Amino acid sequence: MALMPKRVKYRKSQRGVVKGNAHRGNTVVFGEFGLQALEGGWLSAEAIEAGRITATHAVRGEGRLYIRIFPHKSITAIPAETRMGKGKGEPEYWAAVIKPGMILYEVAGLPESAARECLARVAYKMPFRCRFVQRRPSL
Amino acid sequence: MTGAVEIQVSKRSAMGKQAVRRLRRTGMVPGVIYGHKEQTVAIQLPADELAKVLRRGTRVVDVKTDGRVEKALIREVQWDHLGKELLHVDFYRVAADERIVVTVPVEVRGTAPGLSAGGVLDQPMHTLAIECLAVRIPESIRVNVGELQLGQAIHVRDLVLPPDVRAMADPEAVVVQVKTPQAEVEAAEAAGPAEPEVIGRAKAEEEPAE
């Protein structure tokens, strides 16, 4: 089942604007390789789950996958052919707000070729451009 | 161990975000050199040279400024949000006989026999803080996992460190371990609620609305 918060303060949230670039969560921390978003937007919980399933199939029990994002934002929608007014729609799905540069998934315990193959398949499921990144040299 | 790498820098007059942006467009990286109770000097250096030094894993360099050579530690490097371009570098003056604290990468060597028994290699510690002489910073700390069985771990206290090097991390901290792979938890998750609990809303209020 797709990810979702356990407890929230409010069921519905305003849309907001994805401004600027990621200055946190933009480095590979847990694994050795990662998938970095090059564009911003909303990433639905279903898309995150699709990526997880794809990665799990690609690595076939080897290595370890880390999901660096979580869908904290509820996205509402009103049914089709509804008249204007009558307030905000009901929550339809949950999404993570992604800024350019954010690391979406990380893998560990895999050789580079296998990690590239795995994350390329995951990237295909993402609604925006992504790139493969490696852990930066530590200072 | 890394030998002394020389890096040619020049003094920088461009200050402020507009000026350094113009500087970066010319292929230079702004930086600063400080420490040892000497004057802080704003410098600039070619981005490709700095990238080459960083790729090699060099930590202490000989910084050449106007004919003067100073030994300095690369203390901080700033990257852009995508981690592609270098934005700024900090050099910290060090003496050859000075002991400093730096973080070095932990390199896993060998194949653990626990992996063939169905285990997964988990490395919670990718870098290790060590105290060593400024001119003898090891490139990495190598960990041999050749005898690691399923359920076993290598702790900081088990690491074989080069002479004169002291680990600053907790001796009980796990560096690398072979764990049993986590079972899929889809079935358990599927039984969860369809909507999250709303904080502060009483159950009595919630029920008539539904």
Side-chain angles (χ1 to χ4, degrees), chain A residues 1-12 20-32 34 36-40 49 52-53 56 59-66 71-72 74 90-94 99-103 106 108-110 129-131 133-139, chain B residues 51 53-59 73-84 89-90 92 102-106 108 112 115 118-124 126-129 139-140 176 178-179 181-201 206 209:
Chain A
M1 191 179 162
L3 292 167
M4 190 176 66
K6 281 196 184 93
R7 297 172 81 216
V8 290
K9 195 159 184 183
Y10 303 104
R11 286 175 64 229
K12 301 174 186 178
N21 301 315
H23 291 282
R24 301 168 67 183
N26 61 349
T27 53
V28 177
V29 177
F30 299 102
E32 283 115 40
Q36 186 178 48
L38 297 176
E39 294 167 357
E49 178 66 6
R52 186 193 69 80
I53 292 168
T56 314
V59 300
R60 281 183 224 97
E62 284 175 30
R64 193 162 171 197
L65 179 78
Y66 298 88
H72 287 287
S74 80
E90 285 304 302
E92 190 80 4
Y93 63 97
W94 292 82
K99 288 187 171 191
M102 271 179 133
I103 303 292
E106 287 182 21
L110 286 179
R129 287 189 304 127
C130 298
R131 75 174 185 132
V133 285
Q134 294 189 24
R135 177 180 278 271
R136 257 184 235 163
S138 62
L139 276 183
Chain B
V53 169
L54 292 172
R55 261 200 308 275
R56 261 191 249 161
T58 310
R59 304 300 305 277
L73 172 78
I74 303 173
R75 197 177 219 189
E76 195 187 332
V77 176
Q78 290 174 19
W79 300 82
D80 70 335
H81 67 286
L82 296 177
K84 278 181 171 175
V89 60
D90 281 21
Y92 178 67
V102 284
T103 53
V104 288
V106 174
V108 174
L115 297 182
V120 175
L121 193 72
D122 180 37
Q123 190 186 351
H126 289 272
T127 57
L128 179 71
E139 273 178 36
S140 63
V176 61
V178 178
K179 295 203 303 192
Q182 286 178 342
E184 291 282 317
V185 287
E186 281 176 63
E189 280 179 354
E195 206 168 292
E197 176 194 343
V198 180
I199 301 168
R201 182 189 278 189
E206 211 171 30

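Computed from a prediction, not measured in an experiment: that's the story for all the values here. Numbered from 1 within each chain, the chains take letters A, B, ... in sequence-line order.
Heavy atoms closer than 4.5 Å to chain B are found nowhere in A/A108, neither backbone nor side chain. Contacts of B/V77 with chain A are made by both backbone and side-chain atoms, with heavy-atom separations under 4.5 Å. A/R135 touches chain B through its side chain: at least one heavy atom from C-beta onward sits under 4.5 Å away, while N, CA, C and O do not. For chain A, no part of B/V108 is nearby; none of its heavy atoms comes within less than 4.5 Å. Looking at A/R136, only its side chain comes within 4.5 Å of chain B, counting heavy atoms on both sides. Proximity to chain A (any heavy atom under 4.5 Å) is restricted, for B/T127, to the side chain, taken from C-beta onward. Heavy atoms closer than 4.5 Å to chain A are found in the backbone of B/D80, but not in its side chain.
Among all heavy-atom pairs drawn from B/H81 and A/Q36, the shortest one is O-NE2, 3.7 Å. Considering all non-hydrogen atoms of both residues, B/P196 and A/M4 come closest at CD-SD, 3.9 Å. Closest non-hydrogen pair, A/P100 versus B/L82, comes out as C-CD2, 4.4 Å.
Of the residues considered (B/G83, B/G119, B/P124), B/G83 shows the highest number of contacts with chain A, using heavy-atom pairs under 4.5 Å. The choice from A/G109, A/G101, A/A37 that makes the most heavy-atom pairs within less than 4.5 Å of chain B is A/G101. No other option in A/K9, A/M102, A/R131, A/H23 has as many heavy-atom pairs under 4.5 Å with chain B as A/R131.
Looking only at side-chain heavy atoms (C-beta outward), A/V8 and B/I199 stay at 4.5 Å or farther from each other. Side-chain atoms of A/R64 and B/K179, non-hydrogen and from C-beta on, do get closer than 4.5 Å to each other.
In this structure A/T27 satisfies the side-chain hydrogen bond (donor to acceptor under 3.5 Å, both in side chains) test with no other residue, sequence neighbours excluded.
Separation of atoms CD (B/E195) and CZ (A/R11) is listed at 4.5 Å; rounding is to 0.5 Å.
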